[in-house]
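Worksheet for the structure shown next.
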Amino acid sequence: AQSVSQHNHHVILSEAASLELGCNYSYGGTVNLFWYVQYPGQHLQLLLKYFSGDPLVKGIKGFEAEFIKSKFSFNLRKPSVQWSDTAEYFCAVNASYGGATNKLIFGTGTLLAVQP
Amino acid sequence: DSGVTQTPKHLITATGQRVTLRCSPRSGDLSVYWYQQSLDQGLQFLIHYYNGEERAKGNILERFSAQQFPDLHSELNLSSLELGDSALYFCASSSRQGADSPLHFGNGTRLTVT
């Protein structure tokens with residue numbers, strides 16, 4: 001079965017520090033990959049997505065992610081975090097054959113706390 | 001605001017009871033997805049409807065059922081509730097059914113079973 005692993009459950013950083021959140025998936029075929037963010041008390045929002053092409057994907061709010069097919073990874077990065085980045089981050093994969101659905105398999109999430 | 005409306009925001013009920021959660025998708029969106037978020041299981045896909053028809057099913061319990069109505073709103077029915085059903089239930093909508101159509105999530109319904 002498809003699965004998504006996020007190795008960092010809780011990350012604490014100071015403002016201006018660099019961020020990298022790990023995400024690995026288990027699926028040998030074509031995948032579509034996503035990072036979602038959930039700010040405190042708010043709904044899940046799409047940060048960025050990868051379907052094909054350039055493996056380095058840029059998203060909103062200065063985030064980017066790199067798809068490394070050989071490592072089954074899609075790590076999220078930001079060069080300099082801000083206090084407002086405090087949130088929970090979810091990696092997700094859509095591995096549905098035929099593309100008839102966008103059902104997503106989510107990782108367990110990483111809670112990021114940025115200290116001012 | 002994502003444009004997806006879920007009601008109620010909070011629901012407290014007893015074991016053995018039945019509840020209905022409602023989701024109104026963004027205007028024009030044909031797809032509705034239901035997810036369950038719990039502390040031990042994380043975010044789990046339950047079911048996907050597109051224009052009234054079931055498109056995909058996840059690990060949805062037999063005690064749970066869903067439907068999408070002609071006006072495209074959806075309801076998730078949970079019956080014979082157990083303590084372990086306590087969770088945050090999210091609805092998401094998208095304009096189409098495929099992977100190229102981003103999901104827009106509602107704020108969720110928090111269900112507490114006592």
Side-chain angles (χ1 to χ4, degrees), chain A residues 1-10 21 23-25 27 29-53 57 59-60 67 74 87-111, chain B residues 1-7 9-10 23-26 29-51 53-60 66 68 87-110:
Chain A
Q2 303 125 17
S3 66
V4 178
S5 298
Q6 291 182 242
H7 313 295
N8 317 102
H9 297 295
H10 198 176
L21 302 182
C23 172
N24 288 90
Y25 63 92
Y27 185 69
T30 302
V31 292
N32 299 310
L33 297 157
F34 306 81
W35 275 98
Y36 279 82
V37 61
Q38 188 174 25
Y39 297 102
Q42 294 188 27
H43 57 270
L44 282 156
Q45 300 174 43
L46 181 64
L47 265 182
L48 48 77
K49 61 184 185 289
Y50 172 80
F51 287 165
S52 62
V57 180
I60 60 171
F67 170 54
F74 190 55
E88 190 158 18
Y89 293 81
F90 294 90
C91 180
V93 61
N94 176 353
S96 57
Y97 180 77
T101 180
N102 195 12
K103 75 171 195 179
L104 299 179
I105 309 299
F106 282 91
T108 50
T110 297
L111 202 54
Chain B
D1 183 12
S2 67
V4 177
T5 304
Q6 289 189 247
T7 56
K9 290 184 180 178
H10 302 276
C23 170
S24 294
R26 290 189 323 158
D29 281 0
L30 299 176
S31 273
V32 170
Y33 297 78
W34 285 98
Y35 284 85
Q36 179 195 57
Q37 186 180 32
S38 60
L39 284 175
D40 54 345
Q41 301 272 0
L43 265 165
Q44 298 282 315
F45 167 72
L46 294 178
I47 199 162
H48 168 207
Y49 277 86
Y50 176 76
N51 204 20
E53 294 189 3
E54 184 184 301
R55 274 289 182 262
K57 217 167 185 176
N59 294 325
I60 186 167
Q68 185 180 27
L88 194 53
Y89 290 85
F90 284 107
C91 163
S93 74
S94 67
S95 56
R96 298 180 298 279
Q97 59 183 343
D100 61 340
S101 185
L103 301 188
H104 300 270
F105 283 83
N107 286 333
T109 292
R110 184 169 295 282

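Note that these values count all heavy atoms, side chains included, but never hydrogens, waters or copies made by symmetry. First the proteins, then the strands, lettered A, B, ... as listed; each starts at 1.
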Review point. For B:Tyr50, is it the side chain, the backbone, both, or neither that has a heavy atom closer than 4.5 Å to a heavy atom of chain A?
Key: neither
Exercise for review: Could you tell me which portion of A:Leu46 (side chain, backbone, both or neither) has an atom closer than 4.5 angstrom to a non-hydrogen atom of chain B?
Suggested key: side chain
Exercise for review: Determine, step by step, whether A:Tyr36 and B:Leu103 satisfy the side-chain contact (heavy atoms from CB on, under 4.5 Å) criterion, reporting the C-alpha distance in whole Å, the side-chain angles of both residues, the deciding distance to 0.1 Å, and the verdict.
Suggested key: CA-CA 10 Å; A:Tyr36 279 82; B:Leu103 301 188; 3.6 Å; yes
Study note, to complete from the structure: Note: vs chain B, highest number of non-hydrogen pairs under 4.5 angstrom among A:Phe34, A:Phe90, A:Phe106 is A:Phe106
Review point. Do other residues, nucleotides or ligands put more than 12 heavy atoms under 6.0 Å from B:Arg110 CZ?
Key: no
Check your understanding: Contact part of B:Gln37 toward chain A, heavy-atom cut-off under 4.5 Å: side chain, backbone, both or neither?
Key -> side chain
Review point. What residues form a side chain to side chain donor-acceptor pair (under 3.5 Å) with B:Gln36, not counting sequence neighbours?
Key: B:Tyr89
Practice item. Working to the nearest 0.5 Å, report the span between NE2 of B:His104 and CG of A:Leu44. Key: 12.5 Å
Point to revise | B:Tyr33 and A:Leu104, any side-chain heavy atoms less than 4.5 Å apart | key: no
Point to revise | Contacting region of B:Ser2 [heavy-atom separation from chain A under 4.5 Å] | key: both
Review point. Between atom CG of B:Leu43 and atom CD of A:Gln38, what is the distance when rounded to the nearest 0.5 Å?
Key: 7.0 Å
**Study point:** Greater than 12 external heavy atoms within 6.0 Å of B:Asn51's CG
**Key:** yes
Check your understanding: If you look at every heavy atom in B:Ala56 and A:Lys103, which pair is closest and at what distance?
Key -> CB-CD, 4.3 Å
Check your understanding: More than 12 heavy atoms of other residues, nucleotides or ligands under 6.0 Å from NE2 of A:His10: is that the case?
Key -> yes
Review point. Considering only heavy atoms, which portion of A:Gln45 lies under 4.5 Å from any heavy atom of chain B: side chain, backbone, both, or neither?
Key: neither
Practice item. Kindly give the heavy-atom pair with the smallest separation between B:Asn107 and A:Gln42, and that separation in Å. Key: OD1-C, 4.0 Å
Point to revise | Separation between CG of A:Asn102 and NE2 of B:His48, rounded to the nearest 0.5 Å | key: 8.0 Å
Exercise for review: Give a yes or no on this: more than 12 heavy atoms of other residues, nucleotides or ligands lie within 6.0 Å of atom CG of B:Leu39.
Suggested key: no
